[in-house]
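Here's the structure, in C-alpha cells; my notes come after.
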Amino acid sequence: MSKKKWLMAGLIGLSALTLAACGSNKSSNSGTAKHVSMPETYSGPGKATTSGNNSTLKVAEVNDAPFAGISSPTLASNAEDADVFSPGGGDNLFNVTKNYKIVDGGLANLKLDRKAKTATITLRKDARWSNGTKVTAKDIEYPYEIIGNKKTESQQYSSDYATIKGMAAYHAGKAKTISGITYPDGQKGRSVVIHFTKMSPSMQYLGNSFIWGTVEPYEYYGKTPISKLAESAKVRKNPIFTGPYKLDKIVQGESTSWSPNKYYWGKKPQIKNIAIQVVSSNNIVAAFKSKKYDFVAGGPNATMPSSQYPKLKALKDYSEVGISSLGYNYFGFNVGHMNTKTGLNVMDKNAKMGNKNLRKAMLYAVNIDAVSKKFGNGLSWRANTLIPPTFKNVYDAKAPGFKYNMKKAKSLLNKAGYKKQGKWRTQPNGKKLTIYFGGMSSSAATEAKYQYYIQQWRKAGLNVKMTTGKPMEMNSFYSTLQKPSQNKIDVFLGAWAVSSEPTPTQMYGVDAPYNMGHFATKKNTQLLNSLNNDKAWNSKYRAQQFKKWQEYMNSQAAYGPEMFSLAWSPVNKRVKGYDLRPQNNEFWSNLSLTAANPK
C-alpha cells in the first residue's frame, strides 16, 4: 500500500515532517550526506515467555493531532490511519521480496501475461475476513470501483488506472461497472482477471499505480454508497480485516486495541493484546523514559522526531532500529487548481507562485544542510530530488538539488522582476506581494524550522507569513490543501510516505488528487508516461527516464525536495522478532515478548 504521511496508492501514501530498503541488515548511507547507520532488525535477550505473550504490546503513534480514523486503505489519505490500523494487516493481497517484488504466498497470488495484457489475481482457499466470512473475487474488484467512482472520497485515482479497460468510462460516470475486470469463477469465487490496454514493468512490484494492492469487504459494506463509505460506521467504528489481528476497540483519534484474529490464514500471532496510542512529538521522550511503550508505529514510514534522537539513544533498555525511509519531506507551491468537471489539474497563468524563478529563489534561500545538521542528528539530510535514495536503481545521486545560495536567490528574484519597494519585494507588475506559508503543528524543533525558513525568505526580501499566523492542525492543513481551489496557502511543507514502487504519477500526475500544488505540463505528463511505457521494460531505459524526470522537476521547482531521512524507533529489550525489512511479510505475527511489561 502506499501511504502519504500523506498516503499514496498501492502506496503505503503527508505529515509535516516525514515518507525501501534492500540488501543488508544495516541501513545504508546515500543521498547528499552521510548519516547514522542502524540495524534493520532487533531481538531482545532471552526467550519469549507465556506471561510476556499474554500481556499487551504497547505501541506509540507519534503525531501532534488526532488520527482521522479511516480504516479502509482505499479511502485513507494519511499515514497515521494506516499506522493505527496496521495490526489488521492492511488487507494486503501480496507477499514481497526485499526489493518489493511480488511473490506467491500471500493472501493472493499474481500472474502477469504481457502478451494477453492481463493480470490474474487468485485468492488462497482459506482467505477470510476477521468476522469469519470468505474473502471473494468481488472484494478484489471493489477497491477499483471505490478509487474510480466519480463521487468517491478516495485520493488514489490517476491516469495509470485508465489503462484498465472500461475504467475511463466508469470514472467519467458513463458506465456502472468496469468492463475490463472479469470473474472467471464468479463474484463469489477466488479469481479476478484485469484486462489492460498496455502492460507496465512496475506491475511486478507492490505499490504500483496500475494494480491495487488490497481488498475491501464488499458484502460487509452492504448498500452503503461509495460517496458515504468514508464516514460509515463499518469503516470508522467496526471495521473488519484480513490480517493477524482483529480490532477490539477504537477511541476515535486517540487509540486502537487488538487481539488475535482466529480466522487469519497466515502465521498465528504470538501476543495476546496490542494497544496503539497517539503520543505527541514533544512528549515521546518522556513516554519512553517511563517505559510506557515498546516501540513506535509506522515501520518504514515511522516519523520519530530526529531532534530527540540523542535523548532516546541514551536509554539503556531500548535499542534503535531503522531503515531508509520510503519517503521524503518537500516544499510545495500553489500554482493552479483542479478542474472539478474534468478532474484535471490546471496551472493558472496569473498564479502568485507561477514564476519558477520565484520558487527556485525560495528554495535556494534556505540552508537545509544547516537545518538537518542542527536538528537531524544524522537521521535526516538535505534531499536533492523527489525520488528517495532507497530506490537505488532510479534515484539520481548526482543531482545537485537546491544547495543554499542566498546570492543566487536574490539574483533570480531581481532578474524575474521581483524588485524591492522599501523593505519587501513586489510582484513584477508592481503590486504588493505577501506569501502565505503552511506547515502543520509539530515538534518544537520542526516549528523552529518553520520560523527559520520564514526568516530566510524575508532576508531575500520576500514578505512571508504563516497561514493563520501559526502552524496548522494536521486535519485542517490537509483539508485546506485538498480543496480543488484555494488561496490560503501559497507554499507548504509536507511529506510523502510513498509507494514501494517509485512511479510518482499519483503524486504529480495531471489528474492526481494528491497533486495539491496543481503542477501540470505536457512535458511532465510525457516523462511520467515514459516511466512505464513498452521501452521501460528495459531497466536501463527506465532508470534514464526516471533521472530525466527528476532533473525536469528540479528545473521547474513547483515541488522542491527538502529532506530524506531514516525511519526509526527505539525498541524495548523485551521485544523479540522486530524486523523492518520488506521481505518480513509477517511483521506482527513474528513479534513476541520476554516479559509482562516493558523492561
Side-chain angles (χ1 to χ4, degrees), residues 1-15 19 59 61-92 129-130 139 142-149 151-157 212-218 220-222 224-243 245-258 276-278 297-299 301 303 440 473-483 494-497 499 506 513-514 516:
M1 263 303 71
S2 68
K3 246 183 334 195
K4 264 176 345 188
K5 220 55 191 171
W6 234 194
L7 220 104
M8 306 286 5
L11 295 174
I12 273 186
L14 231 256
S15 152
L19 259 152
V59 183
E61 168 60 19
V62 183
N63 196 30
D64 295 294
F67 59 81
I70 300 176
S71 64
S72 159
T74 316
L75 292 165
S77 63
N78 62 67
E80 288 78 14
D81 281 350
D83 291 348
V84 299
F85 292 116
S86 57
D91 299 331
N92 287 320
W129 291 98
S130 54
D139 297 338
Y142 197 50
Y144 296 90
E145 290 190 36
I146 296 173
I147 291 167
N149 191 282
K151 296 182 179 179
T152 190
E153 291 190 42
S154 172
Q155 300 287 306
Q156 304 291 356
Y157 191 81
W212 186 251
T214 77
V215 284
E216 294 281 1
Y218 175 74
Y220 183 70
Y221 288 159
T224 307
I226 287 173
S227 61
K228 296 181 179 179
L229 260 182
E231 303 304 319
S232 70
K234 289 183 177 178
V235 167
R236 295 237 180 199
K237 294 180 180 179
N238 305 298
I240 58 174
F241 301 89
T242 59
Y245 285 86
K246 65 180 180 66
L247 183 68
D248 292 330
K249 183 181 179 182
I250 178 170
V251 178
Q252 287 296 332
E254 296 180 12
S255 65
T256 57
S257 302
W258 305 78
I276 303 178
Q277 189 167 28
V278 171
N301 294 300
T303 55
M440 286 182 284
E473 187 274 331
M474 180 188 74
N475 297 302
S476 174
F477 175 80
Y478 281 119
S479 65
T480 301
L481 281 178
Q482 288 183 291
K483 290 177 181 177
W496 292 120
S499 172
Q506 286 168 295
Y514 283 139
M516 295 172 293

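Quantities reported herein were computed from a predicted structural model and do not represent experimental measurements. These numbers come from the heavy atoms of this one structure, side chains and all, not from hydrogens, waters or symmetry mates. Quick note: residue numbers are just sequence positions, from 1.
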Check step by step if side chain to side chain contact (heavy atoms under 4.5 Å, CB included) holds for Lys234 and Thr224. CA-CA 9 Å; Lys234 289 183 177 178; Thr224 307; 5.6 Å; no

Going by side-chain contact (heavy atoms from CB on, under 4.5 Å), Thr152 matches just one of Leu229, Thr74, Leu75. Which one? Leu75

Test side-chain contact (heavy atoms from CB on, under 4.5 Å) applied to Ser255 - qualifying residues, sequence neighbours left out: Val251, Gln277

Does the side chain of Glu61 reach to within under 4.5 Å of the side chain of Val278, using non-hydrogen atoms? yes

Mind checking side-chain contact (heavy atoms from CB on, under 4.5 Å) for Asp64 and listing every partner two or more places apart, or none if nothing turns up? Ser280, Ser281, Ser442

When you compare the side chain of Phe85 with that of Tyr245, does any pair of heavy atoms fall below 4.5 Å? no

For Ser72, the side chain to side chain donor-acceptor pair (under 3.5 Å) test, sequence neighbours excluded, returns Glu216

Of all heavy-atom pairs linking Glu254 and Phe67, the shortest is N-CE2, 3.3 Å

side-chain contact (heavy atoms from CB on, under 4.5 Å) partners for Ser130, two or more places apart: Ile240, Phe241, Lys246, Asn261

Can you name the residues that form a side chain to side chain donor-acceptor pair (under 3.5 Å) with Glu231, not counting sequence neighbours? Arg236

To the nearest 0.5 Å, how far apart are CD in Gln482 and OH in Tyr514? 7.0 Å

Shortest non-hydrogen pair, Pro513 vs Met516, comes out as O-CG, 3.8 Å

Who are the salt bridge (charged side-chain N to carboxylate O under 4.0 Å, His left out) partners of Glu153, not counting sequence neighbours? none

Atom CG in Asn78, atom CZ in Phe477: separation rounded to 0.5 Å? 12.0 Å

Using side chain to side chain donor-acceptor pair (under 3.5 Å) as the criterion, list what pairs up with Asp81, not counting sequence neighbours. none

Could you tell me which non-hydrogen atom of Trp258 sits nearest to which non-hydrogen atom of Gly88, and how far apart they are? CZ3-N, 3.6 Å

Heavy-atom pair of closest approach, residues Ala297 and Asp83: CB-CB, 4.0 Å

Looking at residues at least two apart in the chain, or sitting in another chain, which of them share a side chain to side chain donor-acceptor pair (under 3.5 Å) with Glu473? Asn475

For residues Thr256 and Leu247, determine if any side-chain heavy atom of one lies less than 4.5 Å from a side-chain heavy atom of the other. yes

Closest non-hydrogen atoms of Pro73 and Gln156, given as atom of the first, atom of the second and distance, are O-NE2, 4.2 Å

Could you list the residues that satisfy ring-ring contact (aromatic ring centres under 6.0 Å, His included) with Tyr144, not counting sequence neighbours? none

Sequence neighbours left out, what passes ring-ring contact (aromatic ring centres under 6.0 Å, His included) with Tyr142? Give chain and number order. Tyr218

What distance separates Gln506 CD from Tyr157 OH, expressed to the nearest 0.5 Å? 11.0 Å

The side-chain hydrogen bond (donor to acceptor under 3.5 Å, both in side chains) partner of Trp129 among Asp91, Thr242, Asp139 is Asp139

Side chain Ser71, main chain Val235, donor-acceptor under 3.5 Å: yes

On a heavy-atom basis, which atom in Pro66 and which in Met474 lie closest, and how many Å separate them? O-CE, 3.8 Å

What's the spacing between Ile226 CD1 and Ser232 OG if we round to 0.5 Å? 11.5 Å

Could you measure the distance from the OG atom of Ser154 to the CG atom of Asn149? Nearest 0.5 Å is fine. 10.0 Å

